[in-house]
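Comments concern the structure below.
Bear in mind that the values here come from a model prediction, so they are computed numbers and not experimental data. Labels below follow one simple rule: chain letters A, B, ... track the order of the sequence lines, proteins then strands, and each chain is numbered from 1.
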Amino acid sequence: MAQKPSIPKGTRDFNATEVAKRTYIVDTIKNKFEVFGFQPIETPSFENSDTLMGKYGDEGDRLIFKILNSGEYLKKISDDDYSSKSEQKLTPRISEKALRYDLTVPFARYVVQHQNEIEFPFKRYQIQPVWRADRPQKGRFREFYQCDADVVGSTSLFQEIEFIQLYDAVFDVLNLKGVTIKINNRKVLSGIAEVIGAKDKLIDFTVALDKLDKIGKEMVKAEMLSKGISEEGVAKLQPLFELTGDFGDQIKSLKAILINSEEGLKGIEELEFINKATAEFKLKSAKLELDVTLARGLNYYTGAIFEVSAPEGVKIGSIAGGGRYDDLTGIFGLKDMSGIGISFGLDRIYLVLEELGLFPNTITAFTKVLFINFGETEAMACLKAVTKLREFGIKAELYPDKAKMKKQMNYANRRNIPFVVLVGGEELKTETFTLKDMNKGSQESITFNELLEKVN
RNA sequence: GUGGUUGUAGCUCAGUUGGUUAGAGCGCCUGAUUGUGGUUCAGGAGGUCGUCGGUUCGAGACCGAUCUUCCACCCCA
């Protein structure tokens with residue numbers, strides 16, 4: 001035990017079954033991305049630190065894995081810096097590279113760097129691991145995959161509508177019914193903050209509001225007050241806590257609250273348009289829901305904000321997210337380039353499908369037929385048949401050693417191989433194959449063509 | 001980063017106020033059955049009790065540190 005090797009906290013090994021299941025999800029997402037017209041790109045797993053640092057807020061900077069410089073990096077440090085014991089001073093001197101924290105910022109960097117080779121609007125998708133020095137919990141890892149699709153260079157609201165359809169299409173194919181696509185709009189939040197006289201406290205205001213369903217309205221109010229939002233302001237929020245009804249009803253109430261905020265009304269208008277269009281196209285199995293408390297990723301979202309939550313009863317935060325960011329590339333010097341993107345959380349979708357038993361059995365079916373090894377002559381004949389079966393794309397293998405029958409049968413049984421073929425002296429003579437169906441326990445003597453048909 | 005929690009055989013877990021040689025079920029290996037697995041029966045192997053250090057005549061049990069697990073906060077896929 002003690003000497004056994006291990007892997008770092010928050011990382012995982014994947015066995016064959018797990019890989020098959022993950023591939024199934026990724027392939028589904030990838031297929032839909034391509035059907036919707038997105039093109040794949042990949043970026044390095046690590047970037048220059050200054051590309052990443054400062055893009056995710058202080059909290060984000062803390063969670064970025066830094067890579068130590070190579071060589072005699074300590075010798076270059078002044079004694080002052082060295083003895084300061086200040087991470088802020090020291091870190092940039094000993095680490096100039098960092099593991100990517102998400103796929104959006106590297107994508108923004110990519111767009112700016114390759115702006116002259118790209119046709120806009122540029123639709124790209126990217127499926128790669130990201131790393132966060134977070135403390136792991138269920139569904140939270142330090143290495144995990146994001147599956148992102150983004151469009152830059154178009155402000156059209158049709159993108160929002162298409163992304164809603166894309167979410168719906170992916171979860172429909174995965175047979176994950178009843179997911180809720182929550183939508184909100186930064187402009188609405190900003191408008192509300194304006195109305196209650198807390199425009200400068202937008203982030204504090206939204207972070208508190210975001211916790212509404214978790215800690216209740218009294219706690220939310222208390223948190224807002226503690227962040228310096230006035231009593232009158234908080235009082236004005238009362239109708240917000242009592243929003244009821246469907247999308248349209250909530251829009252009506254919000255309009256009343258936001259009557260004096262130009263920005264807020266703009267946000268409402270956008271939400272109305274998206275809702276109307278989505279209703280017209282009809283979603284296959286997802287529900288679109290307005291959620292004014294939704295406030296994730298506010299560091300860069302400027303318009304629509306999306307979050308997809310698992311069907312009711314599955315306790316695992318969000319399984320996908322996204323939103324519009326009007327000026328993401330601005331930080332890298334390319335102005336007026338609006339973008340919108342969504343991200344699927346592969347690892348969380350996996351946990352949800354697992355919990356609901358939604359993985360098809362077929363995806364974990366590996367070897368279809370195993371040939372028992374009776375010795376060199378028999379094995380040679382078997383290998384010939386195996387080779388032919390493989391030419392037909394059938395997953396077939398020969399047990400490599402002349403082991404005891406029991407051992408070979410056991411091997412097939414444990415690996416869930418559905419068919420076993422026995423070729424001994426008798427079969428060699430008559431050029432037949434004894435095919436055993438491991439599920440039924442029955443067996444029959446057949447020709448190669450019959451074998452091919454049975455196991456195909 | 002803050003607070004809490006977990007770690008004993010491959011797996012799931014017992015193990016009394018600190019006391020000889022640490023247990024069970026399942027799994028695994030061998031045989032009954034040398035051309036038949038998943039059922040049955042008989043036998044067998046496997047643990048420096050997460051790691052390091054401390055207290056004690058004596059530690060799986062107590063203390064400290066560290067790693068790991070899970071949870072809450074923060075934040076988030």
If you only use heavy atoms from C-beta on, which nucleotide in [options] is closest to the side chain of [X]?
X        : options             : answer
A:Met409 : B:U36, B:C74, B:A77 : B:U36
A:Lys211 : B:G37, B:C74, B:G35 : B:C74
A:Thr434 : B:G35, B:G37, B:A77 : B:G35
A:Phe374 : B:G37, B:G35, B:C74 : B:G35
A:Arg132 : B:A77, B:C29, B:G35 : B:A77
A:Glu427 : B:G35, B:C75, B:U30 : B:G35
A:Arg140 : B:C74, B:A32, B:A77 : B:C74

Taking the same atom, [atom1], in [N] and in [M], what whole-Å distance lies between them?
N     : M     : atom1 : answer
B:A14 : B:C73 : P     : 28 Å
B:C62 : B:G18 : C1'   : 8 Å
B:G43 : B:C49 : P     : 29 Å
B:U20 : B:C29 : C1'   : 31 Å
B:G31 : B:G37 : P     : 12 Å
B:G25 : B:U2  : P     : 45 Å

Item checked: Face-on cation placement of A:Arg124 at A:Tyr110 ring, 6.0 Å and 45° thresholds ->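 The answer is no; the distance or angle limit is not met.
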Checklist line | Geometric cation-pi criterion, A:Lys388 with A:Phe448: 6.0 Å, 45° | finding: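 Cation-pi check for A:Lys388 and A:Phe448: passes.
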Margin query: Is it the case that the ring center of A:Phe163 lies less than 6.0 angstrom away from the ring center of A:Phe38?
Written below: yes
Margin query: I'd like to know whether the aromatic ring centres of A:Tyr145 and A:Phe344 sit less than 6.0 Å apart in this structure.
Written below: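 No - the distance between ring centres of A:Tyr145 and A:Phe344 does not fall below the 6.0 Å cut-off.
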Checklist line | Distance, rounded to the nearest Å, where A:Arg142 contributes CZ and B:C70 contributes P | finding: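 Between P of B:C70 and CZ of A:Arg142: 12 Å.
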Notebook entry, point to check: Between A:Thr180 and A:Glu289, is any side-chain donor less than 3.5 angstrom from a side-chain acceptor?
Noted result: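 On atom types as modelled, these side chains do not qualify, holding no pair under 3.5 Å.
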Next item on the list: Using the closest heavy atom to pick a nucleotide of RNA chain B for each, name whichever of A:Glu223 or A:Arg62 lands nearer the 5' end.
Entry: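 Going by which nucleotide is closer to the 5' end, it is A:Arg62.
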Checklist line | Residue mapping more 5' on RNA chain B - nearest nucleotide basis, A:Gln137 or A:Tyr145 | finding: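 The residue whose closest nucleotide sits nearer the 5' end is A:Gln137.
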Check: Quick one: does A:Tyr125's side chain get under 4.5 Å of A:Glu34's, heavy atoms only?
Finding: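 With C-beta onward as the side chain, the pair touches.
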Notebook entry, point to check: Counting only non-hydrogen atoms, which of residues 438-453 of chain A are less than 4.0 Å from RNA chain B?
Noted result: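 Result for residues 438-453 of chain A: A:Met438, A:Asn439, A:Gly441, A:Gln443, sorted by number.
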Check: Among residues 7-22 of chain A, which residues get a heavy atom nearer than 4.0 Å to RNA chain B?
Finding: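 A:Lys9, A:Gly10 - these, ordered by number, are the residues of the stretch whose heavy atoms sit under 4.0 Å from the strand.
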Next item on the list: Assign the ring pair A:Phe306 / A:Tyr167 to parallel, tilted or perpendicular, where the plane angle (0 to 90°) is split at 30° and 60°.
Entry: perpendicular
Next item on the list: Would you check if A:Phe144 stacks with the base of B:A77, given a 5.5 Å centroid limit and a 30° plane limit, both strict?
Entry: yes
Mark yes or no for a side-chain to base donor-acceptor pair under 3.5 Å between [X] and [N], with no hydrogen or angle criteria applied.
X        : N     : answer
A:Arg135 : B:C71 : no
A:Asn410 : B:G37 : no
A:Lys407 : B:G37 : no

